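Below is one structure, written out as C-alpha cells, with a few remarks after it.
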Amino acid sequence: MKKLVVMISGNGSNLQAIIDAIAEGYLKAEIVLVVSNRKEAYGLVRAEKAGIPTLYFPLKPYKDAGKDRHAYDTDLAEKIAPYNPDLIVLAGWMHIFSPAFLDHFPRKVINLHPALPNFFIGTNAIQRAYEAYRQGLIDETGCMVHYVIPEVDRGEVIGTVVVPMYPEDRLEDVEERMHDAEHKLLVMCIINTLYGRENH
Ligand code: GRF
C-alpha cells in the first residue's frame with residue numbers, strides 16, 4: 001500500500017477529501033501520519049476520527065529557544081522519515097520548507113496552492129484573485145498542485161484546474177468554488193503522482 005503523510009495547518013477539508021477518496025476505494029493509499037503545526041487545527045480532529053496517527057509539531061518552541069528554521073526542518077524530517085512515505089502532501093500547511101526538510105524526500109513533497117501557476121504566490125491567494133477580478137484585471141482563477149522546492153508556491157506543476165468567477169460572486173462564493181475544485185484536483189494529482197507511468 002502506498003503511504004501518504006499529510007501536513008495541515010487548519011480546517012483540513014483537503015485532508016478530508018483524501019480520507020474520503022481512500023474510504024471510497026478511489027485512491028489506493030494509506031495516510032500513515034497527519035502533521036499539524038497548529039494545535040487547534042480542525043484537521044487533527046478529522047484525522048483522529050479516521051483513526052490516523054497525528055503529530056503536532058509547532059515552530060514556536062524552536063523560536064523561543066533561539067533555534068533557526070534549519071533545526072525545525074531537520075527535526076521534523078527526522079520524525080517523518082521512519083514512516084517511509086511515498087508522498088508527503090502539503091494540504092494547507094503554512095510553513096515554507098528549506099532544503100533541510102526537502103532533501104530528505106526528493107520529489108516526494110507536493111503542495112496545493114489556491115491559484116494558477118505563477119499567480120498570487122503566498123497567502124490570501126483567493127481574496128487577492130477575487131479583488132483582481134473585481135478590478136477587471138483577470139477573468140478567472142484556479143488552483144494547482146506542484147512539487148515543492150525551497151521557493152514558495154513554485155516548482156514543477158502536476159495539475160491545474162480553472163475556477164471561474166462571475167459578476168454576482170461574493171468572496172465566499174469564490175472560496176467555496178475554489179475548495180470544491182481543490183478537493184478534486186488534489187486527489188487526482190495524488191493518484192497521478194503515485195501511479196502515473198511517468199513517475200516510475
Ligand atoms: C486551501 O485553500 C489550500 O490551497 C491553502 O490552504 C487551504 C487549506 O484548506 N493553501 P483546508 O485546511 O484543507 O480546508
Side-chain angles (χ1 to χ4, degrees), residues 4-24 26-27 29 31 33-50 52 54-59 87-97 101-102 109-133 138 140-165 169-193:
L4 305 177
V5 168
V6 182
M7 306 190 63
I8 59 160
S9 300
N11 177 27
S13 66
N14 285 285
L15 165 66
Q16 190 66 55
I18 302 169
I19 293 171
D20 293 348
I22 291 172
E24 286 160 14
Y26 181 67
L27 166 59
I31 303 175
L33 181 69
V34 168
V35 181
S36 175
N37 63 324
R38 288 182 53 229
K39 200 174 195 170
E40 65 277 18
Y42 183 65
L44 287 175
V45 177
R46 295 179 192 270
E48 277 152 22
K49 279 188 185 160
I52 301 165
T54 59
L55 169 66
Y56 164 53
F57 200 75
L59 179 60
L87 198 62
I88 298 174
V89 182
L90 308 187
W93 173 258
M94 293 303 287
H95 285 322
I96 298 160
F97 278 133
F101 183 89
L102 296 172
V109 187
I110 67 171
N111 179 52
L112 173 66
H113 177 58
L116 292 170
N118 304 318
F119 280 88
F120 308 110
I121 302 298
T123 55
N124 298 320
I126 306 172
Q127 188 178 339
R128 287 188 285 144
Y130 178 72
E131 281 160 12
Y133 173 76
I138 56 171
E140 65 195 16
T141 185
C143 48
M144 71 159 167
V145 173
H146 63 97
Y147 285 102
V148 176
I149 58 173
E151 229 183 313
V152 68
D153 295 333
R154 306 270 185 191
E156 186 189 327
V157 174
I158 298 163
T160 64
V161 65
V162 163
V163 173
M165 290 182 279
D169 279 342
R170 297 162 302 155
L171 174 60
E172 305 86 85
D173 298 319
V174 179
E175 283 171 343
E176 198 184 325
R177 204 172 296 135
M178 178 67 76
H179 293 316
D180 285 347
E182 285 187 316
H183 299 162
K184 295 184 184 96
L185 179 70
L186 182 58
V187 169
M188 287 193 282
C189 288
I190 291 170
I191 292 171
N192 281 352
T193 310

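Residue numbers start at 1 and run along the sequence shown. Not measured: the values here are computed from a predicted model. Both ligands and their constituent atoms are indexed starting at 1 by order of listing.
Those atoms of ligand 1 with a heavy atom of N11 less than 4.0 angstrom away are 12 (O), 14 (O). For ligand 1 and H179, the ligand atoms under 4.0 Å from any heavy atom of the residue are 2 (O). Interface of G92 with ligand 1, defined as ligand atoms under 4.0 Å from a residue heavy atom, comprises 6 (O), 8 (C), 10 (N).
For the pair W93 and N111, the minimum side-chain heavy-atom distance is 4.5 Å or more.
The closest protein non-hydrogen atom to atom 3 (C) of ligand 1 is E182 OE2, 3.3 Å. The closest protein non-hydrogen atom to atom 14 (O) of ligand 1 is S13 OG, 2.6 Å. Ranking the protein heavy atoms by distance from atom 12 (O) of ligand 1 puts G12 N, 2.7 Å first.
When the salt bridge (Lys or Arg N to Asp or Glu O under 4.0 Å) test is applied to R128, no partner is found at least two apart in sequence or on another chain. For F119, the ring-ring contact (aromatic ring centres under 6.0 Å, His included) criterion is met by no residue, not counting sequence neighbours.
Of the listed residues (N14, I126, L90, L186), the one carrying the non-hydrogen atom nearest atom 9 (O) of ligand 1 is N14. Of the listed residues (A17, G43, P114), the one carrying the non-hydrogen atom nearest atom 5 (C) of ligand 1 is P114.
The side chain to side chain contact (heavy atoms under 4.5 Å, CB included) test with L87 singles out one residue from V5, V109, T193, and that residue is T193.
Shown here for Y130 and M165, the closest heavy-atom pair between the two residues is CA-SD, 4.0 Å.
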Side chain to side chain contact (heavy atoms under 4.5 Å, CB included) between K184 and V161, worked out: CA-CA 9 Å; K184 295 184 184 96; V161 65; over 6 Å; no

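Within the structure, ligand 1 has L112 among the residues with a heavy atom less than 4.0 angstrom away. The closest approach between M178 and ligand 1 stays at or above 4.0 Å for every heavy atom of the residue.
For R177 and D180, the salt-bridge test fails: no basic side-chain N is under 4.0 Å from an acidic carboxylate O.
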